[in-house]
Amino acid sequence: MKRRVVIVLSMLVIALSAVSAFAAELLDVKPVVTGSDLIVEILADIPLTYTYYKIPGQARAVVDIADVDPEKVEPLIVVNKGAVSSISVDKAQITGMVVSRLIFNLVAETDISVTATADRKKLSVVFSGGKPADNSAGKPVVPAVESALAAPSPSAGAASAAPAALEKETDPLGLDEPPAAPVKDQPAVKEPDKPTPLAVVPVTVPSASAKLEPVVPAFASPRKQMVITAIKVGTTSIDVEANGSLESFEQIKLAQPNRLAIDVPGATASLSVKSIPVRRFGLDQIRVGRYPNHVRIVLDAGSSPFPKYDVKPTEKGLRISFK
């Protein structure tokens, strides 16, 4: 009897593991230019439940997708076409629910609309009618919501009450947290050094009897590949060590959970670990992500407020100091 109970429990554990292994995933975020408009296609392997809205007074728009993991999608997609300069893709935990959050950084305050295919596994985000961003205080924009969980009511009374319900509940998914924004009052990020042009070698036109010699241009030496070799936690700071100064970097501060992401473009990492426990400065851990064009270092504070900090390049990497 005990053996049968053990076998049944083992089968349940295997079944639960299989369910988590096949969790819903965001498959792709692909910008497509059509005439003067830009369409961003969002693909997933399940029917999508989503909400979208513009941020008043800012050239930004947000699309939140419930119960979908964005791990397969690049966290920063550079577009620089139409109304969109870039797209930030992040994962959030809202009341125990995984949420894929897409933040569209726009060149101007622009109209946004989202439509879904019949099976709702593909969303099309369209931007058009751009105008300069107005920083004056404006009336909050009520986000449009598409949900597979709310069945339409056949009564006319329910239909007339729908607009009022939207005014009271602007975000039924509970995802109206402000989007990620670059950290203010931090050191300006330097532009990557431009490659040195080829040295010009003067050539004299030879006479008919002169012997022609090959002219070899002098090439500039290739730029040094930056490699992050270690991350060390000190008493007042965290040092990101590399084979040179990490002068080019970008900071992105995120919430829920509270964390700071530091992107180092053009760098690689030789670290053997993906996460480092901290238990200091109000931080839980440090995570390291490797991507084709950059390395992302994430400092996790979890539910605690993120501490005051300062980021500066050093001769052998980067230092995050805490106040």
Side-chain angles (χ1 to χ4, degrees), residues 19-32 38-53 55 60-79 84-106 112 114-117 119-127 143 145-148 171-182 250-263 265 274-275 285-302:
V19 170
S20 62
F22 291 98
E25 292 181 327
L26 202 64
L27 300 179
D28 194 13
V29 176
K30 181 173 61 176
V32 178
L38 174 71
I39 298 177
V40 178
E41 296 180 350
I42 305 172
L43 305 176
D45 56 1
I46 64 165
L48 298 174
T49 301
Y50 63 93
T51 179
Y52 68 93
Y53 50 93
I55 302 177
R60 288 190 176 188
V62 179
V63 175
D64 285 328
I65 305 173
D67 293 322
V68 176
D69 194 309
E71 289 295 331
K72 286 188 175 181
V73 179
E74 184 75 14
L76 181 62
I77 302 171
V78 178
V79 181
V84 182
S85 60
S86 63
I87 306 170
S88 298
V89 182
D90 192 35
K91 179 171 72 173
Q93 288 281 348
I94 309 296
T95 61
M97 177 175 58
V98 176
V99 175
S100 292
R101 169 159 291 174
L102 281 69
I103 303 171
F104 296 85
N105 301 305
L106 311 175
I112 175 177
V114 180
T115 57
T117 55
D119 61 2
R120 294 180 46 247
K121 292 184 179 181
K122 175 181 175 182
L123 302 181
S124 295
V125 185
V126 179
F127 297 91
V145 176
E146 173 70 22
S147 176
D171 193 354
L173 296 177
L175 307 178
D176 52 359
E177 174 219 340
E250 180 181 357
Q251 305 173 60
I252 305 173
K253 199 171 183 181
L254 305 168
Q256 292 187 355
N258 296 319
R259 60 206 185 279
L260 171 68
I262 300 177
D263 288 345
K274 293 184 178 179
S275 64
Q285 64 174 349
I286 301 172
R287 293 180 288 121
V288 180
R290 300 167 177 82
Y291 300 94
N293 299 321
H294 68 281
V295 172
R296 169 166 287 189
I297 301 169
V298 181
L299 283 68
D300 288 320

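- Taking both residues in full, the closest heavy atoms of Lys121 and Pro47 are given as CG-N, 3.9 Å, listed atom of the first, atom of the second, then distance.
- Residues Val114 and Leu123 share a closest heavy-atom pair of CG1-CB, 4.2 Å.
- Separation of atoms CD1 (Ile46) and CG (Asp119) is listed at 11.5 Å; rounding is to 0.5 Å.
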Checklist entry - Taking it one step at a time, do Asp45 and Lys72 satisfy side chain to side chain contact (heavy atoms under 4.5 Å, CB included)? => result CA-CA 12 Å; Asp45 56 1; Lys72 286 188 175 181; over 6 Å; no
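- Atom OG of Ser86 sits about 9.5 Å away from atom CD1 of Ile77, to the nearest 0.5 Å.
- The shortest heavy-atom contact between Leu102 and Val89 is CG-CG2, 4.3 Å.
- For the atom pair Leu43 CG and Lys30 NZ, the distance stands at 6.5 Å (nearest 0.5 Å).
- Considering all non-hydrogen atoms of both residues, Val79 and Pro31 come closest at CG2-CG, 3.9 Å.
- For the pair Glu250 and Leu76, the minimum side-chain heavy-atom distance is below 4.5 Å.
- Nearest heavy atoms, Arg259 versus Lys91: NH2-O, 3.3 Å.
- If you take CG on Asp64 and CG on Leu48, they are separated by 12.5 Å, rounding to the nearest 0.5 Å.
- Within the 4.5 Å cutoff, the side chain of Arg120 has heavy atoms near those of the Thr49 side chain.
- With 3.5 Å as the limit, one finds no donor-acceptor pair spanning the side chains of Ser85 and Asn105.
- Phe127 approaches Val40 most closely through the heavy-atom pair CE1-CG2, 4.3 Å.
- Rounded to the nearest 0.5 Å, atoms CZ (Arg296) and CZ (Arg287) are 9.5 Å apart.
- Looking only at side-chain heavy atoms (C-beta outward), Thr117 and Glu41 stay at 4.5 Å or farther from each other.
- Ile103 is listed as a side-chain neighbour of Arg101, based on a closest heavy-atom distance under 4.5 Å.
- With contacts defined as side-chain heavy-atom distances shorter than 4.5 Å, the pair Tyr52/Val125 does not qualify.
- A distance of 11.0 Å separates CD of Gln256 from CG of Asp90, quoted to the nearest 0.5 Å.
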